[in-house]
Amino acid sequence: MKKLINRPEDVVKESLAGLAAAHADLLRVHFDPAYVVRADAPVTGKVGVVSGGGSGHEPLHGGYVGRGMLDAACPGEVFTSPTPDQMEAASRAVDGGAGVLHIVKNYTGDVMNFEMAAELCQADGLAVESVMVNDDVAVEDSLYTAGRRGVGTTVLVEKICGAAAEKGMDLASLAALGKRVAANGRSMGMALTSCTVPAAGKPTFDIGEDEMEIGIGIHGEPGRERKPLATAREIASMMMDAIVPDLPFRRGDAVIAMVNGMGGTPLMELYLVYHELERICRDSGITIARRLVGDYITSLEMAGCSITLLRADDEMLALWDAPVMTPGLRWGC
Amino acid sequence: MKKLINRPEDVVKESLAGLAAAHADLLRVHFDPAYVVRADAPVTGKVGVVSGGGSGHEPLHGGYVGRGMLDAACPGEVFTSPTPDQMEAASRAVDGGAGVLHIVKNYTGDVMNFEMAAELCQADGLAVESVMVNDDVAVEDSLYTAGRRGVGTTVLVEKICGAAAEKGMDLASLAALGKRVAANGRSMGMALTSCTVPAAGKPTFDIGEDEMEIGIGIHGEPGRERKPLATAREIASMMMDAIVPDLPFRRGDAVIAMVNGMGGTPLMELYLVYHELERICRDSGITIARRLVGDYITSLEMAGCSITLLRADDEMLALWDAPVMTPGLRWGC
Amino acid sequence: MEIIDRDDLLAWLRELQRVYAENRDWLTELDAAIGDADHGINMDRGFTAVAEDFEKSPPADMAGVLKSAAMVLIRTVGGASGPLYGTFFLRAAGACTGATKLGPDGVAALFDAGLRGVVERGRAEAGDKTMVDALLPAVAAMQRAASDDGDMRAVLAAGVAAAEEGMRRTGDMQARKGRASYLGERSIGHQDPGATSAFLMIRAAADTWNHG
Amino acid sequence: MEIIDRDDLLAWLRELQRVYAENRDWLTELDAAIGDADHGINMDRGFTAVAEDFEKSPPADMAGVLKSAAMVLIRTVGGASGPLYGTFFLRAAGACTGATKLGPDGVAALFDAGLRGVVERGRAEAGDKTMVDALLPAVAAMQRAASDDGDMRAVLAAGVAAAEEGMRRTGDMQARKGRASYLGERSIGHQDPGATSAFLMIRAAADTWNHG
Ligand SMILES: Nc1ncnc2c1ncn2[C@@H]1O[C@H](COP(=O)(O)OP(=O)(O)O)[C@@H](O)[C@H]1O
Ligand SMILES: Nc1ncnc2c1ncn2[C@@H]1O[C@H](COP(=O)(O)OP(=O)(O)O)[C@@H](O)[C@H]1O
Ligand SMILES: [Mg+2]
Ligand SMILES: [Mg+2]
Ligand SMILES: [Mg+2]
Ligand SMILES: [Mg+2]
């Protein structure tokens, strides 16, 4: 295992310490229980927006704490859901009197831990609503599974709900907005190489020199199928063939598109994939109204990418354009 | 070779097309000869700031074109200097009547090509000044080499000169400022894995499962020494032991620090390295006044990192803080 | 032994620390095949924390031991198994509130309460390829043995045998809960990590309490 | 043949396309050892572009052929070798302005002018482990052969032999120019890619012009 770390068991803690030191103007990090919280929390009268999940997906979630996005993030161990005590403490830290919104990626662990946290908060009189993100079209038959995984759309839900909360939207409306965004987002990922969980010390899966995994999850979970390596053009088509009919996205739709790197893929390749995506959308009459190209929700050093499309209405687009000031996403201020 | 590409010979062109499509608000891409130019170029009365170099280091340089940084960037083939015709065309495209500054990383190829371009421009009455960046302390004896390589400090020179040009600084002062920044910056890099040049199809160098290369260049050029893999703490110390005495950085100095990922290293690890850097600086009485942590000058998918320190005076810090709006660096607007 | 008390629960939980440390890599490998390669790491971290907590402040009674373990597990394990094992011990604690000792039927009731908590939290059914597939037959076997007036050894032996059988049968199942469910048919042929850790938990009880 | 004309220059440059395509991987491997693994790719790209350019618009005279090649190389090669070979052909063109044919001494003068351009552009000295270490002895040998009244074959043979010898000797040198210089002593033991492409260039001239 080749990593820039000290001891595997200290990776999350030391990385959080670095995040805190690098962005003291935007956020603070609390340890034991661990959470990242915006520097000026709680903001009186504002709904606190909280997310969290296993570490190893940076900048998600800690890198999206600041102004106009998350008020707090709860980092678990690498690829392991955080725990209810973290979520409860984070929720209290950002409680400005208007309640707290939990943005939860649909993984059994995350869902159950956030559920326990919400029970703990509510038992204590703190209003909590939850938005679940389950946008991964690679999970085909969600009736016989734990449901679709939450992947790329999470970033968009966090940005849009964060902006709405900053503008003063109340908890119930915010939860409804978040659910609308989640319902209109679809993603699919693929990998060229495996990642290595520091504590495990070896690659999560084996993959041949001329193979790729289509439909991979963000924890190196095997995907839909193992295929021979293809060109970027073919890969983009395969992913869009799964994404577009699923919602479905239709001719005339305006979307926010994301080409996301899994951590080990050069930016140069992501722009190349975006070029393919753009062509496919043009041919299908889908308008890319806004876009992100880069590493936004990663899987450690895995090589590969994911594509996310969100059918966006005017409210979503306006909230997308609203100022955001976090380590991972920044514009308008 | 596992890459998200179509044909190796189209990588640069298709990636530039993606960059253009993704950031039409900030920049345009001209092909044949290839250069990236800010959307509103030329800006009348403003010095045009131009850089360029081999591709594969994204976001450098094309990702720094926009407002408050570069007016144009010339991308070469992967790890190969661009050519004088690109540089000449880019220089003309950003000529607002106040001359053009070339920011050149010290590689034989880049230097000679920019030299030829400057000759071509000057022969035609366009005033050109050049700043050479040669900050890589890994190259020990620069008397018997082509001189030190230009690495991380390039990003800082581009930001600071870009801000000064935006504020209206004249060409001669801008060249002097750029040289001052270059003279006060020092960097060192290391790699855990090799990168693979698309057209070559196989890794540039072999490296064992428990080895690392200290002092690596940004093209996978072998570095100072091959060593057994060490902890992030030891690696940060090794790099700082080479960087600090070189300028030297002294107790009481204020610096802009960058922990830069080589392309294949997770952000999580970069923050962990920043945590170590912060500790070392604190112990040495060096104040980190500003910092960047992330992928800013990469080597395709190479795993590893570099550290850059720039001793910054108040003018540099103010220019650092000035608004910048590019795909790769954005704040203050 | 025919009854267990607070010290036996403590001994069991301490034994679990040893067991999960010893089986850390195995559980993680099982999870690598159909999950995210952390189950062994999670269980080891959680039960190490439980043992450390007992070092600092050993609870006074049976329910206290189980509740402390639950709270520590919930705080330290994370993932799916954290809330599940946490809820297991929380409900098990509920099943012996006020008790100072448990006979064979009490032990069966303790595991039954834990199982119910797991099912409520995770909503898994038999055959979903989860820890429930080890726990459910084990609890049924223990209850049967207890109602047949089996002694402690018999009840525990029945639980261990049924858990082991249940654990092995998860190999042929297609996962419908948890991460492994994303694999669809590709999950078939791999034993479930959570069912394995559940079997280890019951076997550790038998090992600890039968050599008292 | 005792003289070369425009068509011979064209034939030589077309042959160079074949030569660099054929030796693309070898040159790139040499560059991988002490540089950045692109020299073969660069040369192949450049001379393919030169040949394509000739396809479209073949220049009318000797100087035109060399100047067109120079401009295309400058535009398409990049790296260190682009300006160097570009300058080589630009100066070579200057050496035959107005000429319609060259004898053995004219050929020697052509390579000499090219070499001077390379040295002016790159400021490398003998022993720096660059293309100069193949070009310099080759030009010296050609000039000597020409002033000894050698015929075309003798002049080119002398150039090829000296270039090959010079190329081989770069193996023992420590690089002091270009990327390879960053390696310090680690550059010793590897033959210089640019010296190798320079040798190939001279040998291609001999091969083309001796079989006319
Ligand atoms: N809904 C559920 N009900 C019961 N057990 C479950 C459920 N989901 C997952 N599990 C169990 O949890 C185990 C995985 O635990 P672990 O690897 O620690 O968590 P995670 O899947 O979050 O990484 C699975 O092997 C399975 O036995
Ligand atoms: N200053 C110089 N003068 C002459 N030749 C040089 C000089 N620097 C480099 N070279 C030659 O260029 C060759 C490398 O060319 P190439 O690989 O195409 O460019 P780059 O080094 O930019 O990747 C070297 O092998 C060497 O012979
Ligand atoms: Mg997990
Ligand atoms: Mg090169
Ligand atoms: Mg797991
Ligand atoms: Mg080279």
Side-chain angles (χ1 to χ4, degrees), chain B residues 8-9 32-33 52-54 56 74 76-86 107-117 120 136 138-149 194-205 215-226 299, chain D residues 24-25 27-29 31-46 48-49 70-87 90 117-118 120-124 127-131 174-187 190 194:
Chain B
E9 51 271 44
D32 217 3
C74 304
E77 284 303 309
V78 173
F79 291 177
T80 298
S81 163
T83 54
D85 56 314
Q86 292 174 263
Y107 297 95
T108 305
D110 294 59
V111 170
M112 291 192 301
N113 282 288
F114 266 106
E115 236 172 60
M116 290 186 95
L120 291 169
D136 189 346
V139 179
E140 291 184 80
D141 195 345
S142 51
L143 277 182
Y144 297 98
T145 65
R148 286 180 161 177
R149 299 175 292 223
S194 175
C195 48
T196 297
V197 175
K202 51 176 199 258
T204 304
F205 58 91
I216 194 106
I218 56 171
H219 310 90
E221 308 99 301
R224 265 196 195 186
E225 44 180 345
R226 190 61 68 90
S299 304
Chain D
R24 186 176 188 271
D25 293 347
L27 292 172
T28 298
E29 265 161 45
D31 198 28
I34 56 171
D36 60 351
D38 65 358
H39 187 57
I41 302 164
N42 295 344
M43 297 301 283
D44 181 29
R45 185 176 55 246
T48 299
M71 298 315 290
V72 172
L73 292 176
I74 289 171
R75 264 205 326 273
T76 58
V77 177
S81 45
L84 289 169
Y85 279 112
T87 305
L90 212 53
V118 168
E120 233 171 75
R121 178 63 62 200
R123 297 178 202 94
D128 281 356
K129 195 183 183 106
T130 70
M131 58 178 70
Q174 175 168 340
R176 281 193 296 254
K177 278 283 180 299
R179 277 179 208 294
S181 70
Y182 302 131
L183 285 181
E185 293 183 357
R186 289 161 80 182
S187 67
H190 300 279

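Proteins get letters first, then strands, A, B, ... in listed order; numbering begins at 1 in each.
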Inset, instruction - Using non-hydrogen atoms and a 4.5 Å limit, figure out which bit of D:Ala124 sits close to chain B: side chain, backbone, both or neither. - result: neither
Inset, instruction - Look at D:Arg123 together with B:Glu115 and state whether they make a salt bridge at an N to O cut-off of under 4.0 Å. - result: yes
Inset, instruction - Could you tell me which portion of D:Glu29 (side chain, backbone, both or neither) has an atom closer than 4.5 angstrom to a non-hydrogen atom of chain B? - result: side chain
Inset, instruction - Could you check which of D:Gln174, D:Arg24, D:Arg75 has the highest count of heavy-atom pairs closer than 4.5 Å to chain B? - result: D:Arg75
Legend entry - Most chain D-contacting option - heavy-atom pairs closer than 4.5 Å, from B:Gly76, B:Gly215, B:Ala138, B:Ala199: B:Ala199
Inset, instruction - Identify which part of B:Arg224 has an atom lying under 4.5 Å from any heavy atom of chain D, answering side chain, backbone, both or neither. - result: backbone
Legend entry - Option that, when pairs with chain B are counted at under 4.5 Å, heavy atom only, ranks first among D:Gly82, D:Pro83, D:Ala175: D:Pro83
Legend entry - SG on B:Cys195 to CG on D:Asp36, rounded to 0.5 Å: 9.5 Å
Inset, instruction - State, with a plain yes or no, whether a side-chain heavy atom of D:Thr87 is found less than 4.5 Å away from one of B:Met112. - result: no
Legend entry - Contact leader toward chain B among D:Thr28, D:Val77, D:Ile74, where contacts are heavy-atom pairs under 4.5 Å: D:Ile74
Legend entry - Heavy-atom closest contact (B:Phe79 atom, D:Arg179 atom, distance): O-NH2, 3.6 Å
Inset, instruction - Specify which of D:Ala32, D:Gly35, D:Ser81, D:Gly178 makes the most heavy-atom pairs with chain B at under 4.5 Å. - result: D:Gly178
Inset, instruction - Name the region of D:Ile41, side chain, backbone, both or neither, that has any atom closer than 4.5 Å to a heavy atom of chain B. - result: side chain
Inset, instruction - Identify which of D:Ile34, D:Asp31, D:Leu84 forms the greatest number of heavy-atom pairs closer than 4.5 Å to chain B. - result: D:Leu84
Inset, instruction - Evaluate the side-chain proximity of D:Met71 to B:Asp85: yes if any heavy-atom separation is below 4.5 Å, no if none is. - result: no
Inset, instruction - Output all residues satisfying side-chain contact (heavy atoms from CB on, under 4.5 Å) with B:Leu120, sequence neighbours left out; order by chain, then residue number. - result: B:Pro84, B:Glu88
Inset, instruction - Indicate the atoms forming the closest heavy-atom contact of B:Thr83 with D:Thr76, along with that distance. - result: CG2-N, 4.1 Å
Legend entry - For chain D, the option from B:Asp136, B:Asp110, B:Thr108 that forms the most heavy-atom pairs under 4.5 Å: B:Thr108
Inset, instruction - Tell me, out of B:His219, B:Lys202, B:Met116, who's got the most heavy-atom pairs with chain D below 4.5 Å. - result: B:Met116
Inset, instruction - Using the side chain to side chain contact (heavy atoms under 4.5 Å, CB included) rule, take B:Thr80 and D:Arg45 through it: C-alpha gap first, then chi angles, then the decisive distance, then the call. - result: CA-CA 12 Å; B:Thr80 298; D:Arg45 185 176 55 246; 4.0 Å; yes
Inset, instruction - Keeping the roles fixed (side chain from D:Ser181, backbone from B:Ala146), state whether a donor-acceptor pair exists under 3.5 Å. - result: yes
Legend entry - Sidechain-backbone polar pair: B:Asn113 side chain, D:Gly79 backbone, donor-acceptor under 3.5 Å: yes
